Enquirer: 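Input: one structure, supplied below.
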Number of protein chains: 2
Amino acid sequence: MLELIQDDGGVTVSSEQLARRGHTTAAQVRKDLSHFGSFGKRGLGYSVDELKDRLRIILGLDRVWRVILIGAGRIGSALFEYPDFKKRGYDCVAVVDSDPAKIGEKWGERVIRPAEELESLIKELRATLVILAVPASAAQLVAERSVNAGVRGILNFAPVQIQVPEDIPVENVNLVMELEALSFQITRALTP
Amino acid sequence: MLELIQDDGGVTVSSEQLARRGHTTAAQVRKDLSHFGSFGKRGLGYSVDELKDRLRIILGLDRVWRVILIGAGRIGSALFEYPDFKKRGYDCVAVVDSDPAKIGEKWGERVIRPAEELESLIKELRATLVILAVPASAAQLVAERSVNAGVRGILNFAPVQIQVPEDIPVENVNLVMELEALSFQITRALTP
DNA sequence: AGACGCTTGTGAAAAGCTTCACAAGAAAGT
DNA sequence: ACTTTCTTGTGAAGCTTTTCACAAGCGTCT
Ligand SMILES: NC(=O)c1ccc[n+]([C@@H]2O[C@H](COP(=O)([O-])OP(=O)(O)OC[C@H]3O[C@@H](n4cnc5c(N)ncnc54)[C@H](O)[C@@H]3O)[C@@H](O)[C@H]2O)c1
Ligand SMILES: NC(=O)c1ccc[n+]([C@@H]2O[C@H](COP(=O)([O-])OP(=O)(O)OC[C@H]3O[C@@H](n4cnc5c(N)ncnc54)[C@H](O)[C@@H]3O)[C@@H](O)[C@H]2O)c1
């Protein structure tokens, strides 16, 4: 988005402009940014270059995150080939699966590794994140093993609530719930 | 989740129990449920059966929703084979794609239809929801066409903000953002 | 029937978040 | 140098959500 503004020839951007694009208000943008220091110029706005740098640092995007994909099934393969992860700094350094038929299969540059190697791969490759794309029944165990091996965050596709220590963030992707959210909004609109 | 409680032999469940499982507080659960009427029994809790029925109605899950999948690519094929959608009342009644090489391909019971038929399929099959699994560049146009043909809600996988009328709910699935949320939380924990 | 143990439903208080409003600062023109 | 025009940063006000606290209700045991 900031790139678009630069392409339009802007070197600075006001909270008002950011708000319009981000479906929010100018005051909100300023409050949010002020939490991370004050780097806007009064009367002018924010330097797009500086804003990009700051956001990169604030969001922790100023480095490449090493990710291990656990579960080489349907959703796993779609995710593996999703180019945006790499583009945005998430490097899938390994894929593991428990199915002997899949182990050894070549996916692009990577070979599917056996699930038993999960801990050693996390340590050797210094992976910080895992993507959990295994059946719900396996999710809790695999998550625990990952955390014990040193993983710092989990993106969970299994439709279960995973229990891990408080300081390990977990983001859940529950597509059924997203559809249910749509159903709810549609239903509510009809019966107020 | 309510099924689990039933399997454990519970016919009623207290707000306290619900809260523990749902990572929230008992007061919160009661407030939420009280918005839809008061159907708990004091001293006892909520009847699991009744709660299930009520939630089904509240969430609009008491009917089957007809969904059309737009884009038979990597993520589209993973979603199509995801059994939980059907199980939870979301029936994928058609798949469309613009790629001539894919049109006509058989996916289970369905045949991939040409993208031009989108409007007529929505009308004929009375589809209420679409899942947008097309490249970002095509998403806005396809969304507009869907809404004009009568779709009431959109689950959008393309990494763009879609503009549709206010009364059409859109749920966005942005996996890169989920990873960035993890990165942010991890980074923030390190540098307070 | 009455006492007791639990749990809901709901005002009221607290906390959190958003919007308002404006002094203060930065550039550009006069 | 002064005025005008923008726009930030931030207390204060306003609003929403969450938590607290407790009377009222239900079932059970004696
Ligand atoms: N397919 C989808 O569109 C979709 C969408 C949302 C969520 N999900 C969820 O994602 C998970 C995977 O779904 P899927 O459709 O890819 O299923 P899948 O059966 O195609 O793939 C699961 C893979 O995990 C592997 N696996 C099982 N146990 C393992 C373990 N202990 N360690 C490592 N690998 C193991 C299996 O061998 C298999 O290859 C499920 O929990 C599902 O509910 C899937
Ligand atoms: N692969 C993933 O894991 C993943 C994850 C999140 C989001 N996404 C997003 O989902 C979308 C699809 O991703 P993908 O990996 O499946 O891509 P893909 O290229 O594999 O599939 C896209 C499909 O859409 C079809 N298509 C293109 N234009 C169309 C149109 N106008 N009407 C109908 N069909 C059309 C193409 O023929 C293709 O089959 C992209 O926007 C992507 O950013 C993908």
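Owing to the predicted nature of the structure, the values given are computational and were not obtained by experimental measurement. Reckoned from all heavy atoms, side chains included, excluding hydrogens, waters and symmetry mates. Residue numbers start from 1 in every chain, and the chains themselves are labelled A, B, ... in the order their sequence lines are given, proteins ahead of strands.
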Enquirer: Quick one: is dT7(C) close enough that its OP1 or OP2 comes under 4.0 Å of any side-chain N or O from Ser15(B)?
Expert: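 Answer is no, no contact under 4.0 Å.
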
Enquirer: Using the side-chain heavy atoms of Tyr46(B), tell me which of these nucleotides is nearest: dA23(C), dT19(C), dT8(C).
Expert: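 Among dA23(C), dT19(C), dT8(C), the one nearest the side chain of Tyr46(B) is dT8(C).
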
Enquirer: Please determine if a side-chain N or O atom of Thr25(A) lies less than 4.0 Å away from the OP1 or OP2 oxygen of dT18(C).
Expert: no

Enquirer: Rounding to a whole Å, what distance do you find between Glu16(A):CD and dC6(D):C1'?
Expert: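 After rounding, the gap between these two atoms is 12 Å.
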
Enquirer: In whole Å, I'd like the distance from the CG atom of Leu18(B) to the C1' atom of dT8(C).
Expert: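 Between C1' of dT8(C) and CG of Leu18(B): 12 Å.
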
Enquirer: Taking the side chain from Gln17(A) and the backbone from Ser14(A), do they hold a donor-acceptor pair closer than 3.5 Å?
Expert: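 Yes; judged by distance alone, with no hydrogens or angles, the pair exists.
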
Enquirer: Could you tell me how far apart His23(B) (NE2) and dT19(D) (P) are, to the nearest whole angstrom?
Expert: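 Rounding to the nearest Å, NE2 of His23(B) and P of dT19(D) are 14 Å apart.
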
Enquirer: Without decimals, in angstroms, what is the distance between Lys41(A) NZ and dA27(C) P?
Expert: 7 Å

Enquirer: Does NZ or CZ of Arg88(A) lie under 6.0 Å from the centre of the six-membered ring of Tyr90(A), at an angle within 45° of the ring axis?
Expert: no

Enquirer: If we check salt bridge (Lys or Arg N to Asp or Glu O under 4.0 Å) with Arg145(B), which of these qualifies: Glu119(B), Glu117(B), Glu116(B)?
Expert: Glu119(B)

Enquirer: Taking atom types as they are modelled, would you say the side chain of Arg42(A) forms a donor-acceptor pair with the base of dT8(D) within the 3.5 Å cutoff?
Expert: yes

Enquirer: Send over the distance from Leu33(A) CG to dT7(D) C1', rounded to a whole Å.
Expert: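 Whole-Å distance recorded here is 13 Å.
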
Enquirer: Find which nucleotide of DNA chain D each of Ala26(A) and Arg30(B) is nearest to by heavy atoms, and output the residue with the more 5' nucleotide.
Expert: Ala26(A)

Enquirer: DNA chain C: Lys31(A) or Leu44(A), which has the more 5' nearest nucleotide?
Expert: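 Upstream on the strand: Lys31(A).
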
Enquirer: Between Ser34(A) and Gln28(B), who's closer to the 5' end of DNA chain D by nearest nucleotide?
Expert: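 It is Ser34(A), whose closest nucleotide lies nearer the 5' terminus.
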
Enquirer: Send over the distance from Phe36(B) CZ to dG9(C) P, rounded to a whole Å.
Expert: 13 Å

Enquirer: Atom CG of Asp32(B) and atom P of dT8(C): how far apart are they, to the nearest Å?
Expert: 13 Å

Enquirer: Donor-acceptor pair, Arg110(B) side chain versus Val95(B) backbone, under 3.5 Å?
Expert: no

Enquirer: Fit a plane to each ring of Trp107(A) and Phe80(A), take the angle between them on a 0 to 90° scale, and name the class: parallel (under 30°), tilted (30 to 60°) or perpendicular (over 60°).
Expert: tilted

Enquirer: Between P on dT7(D) and CG on Leu51(A), what's the gap in Å once rounded to a whole number?
Expert: 15 Å

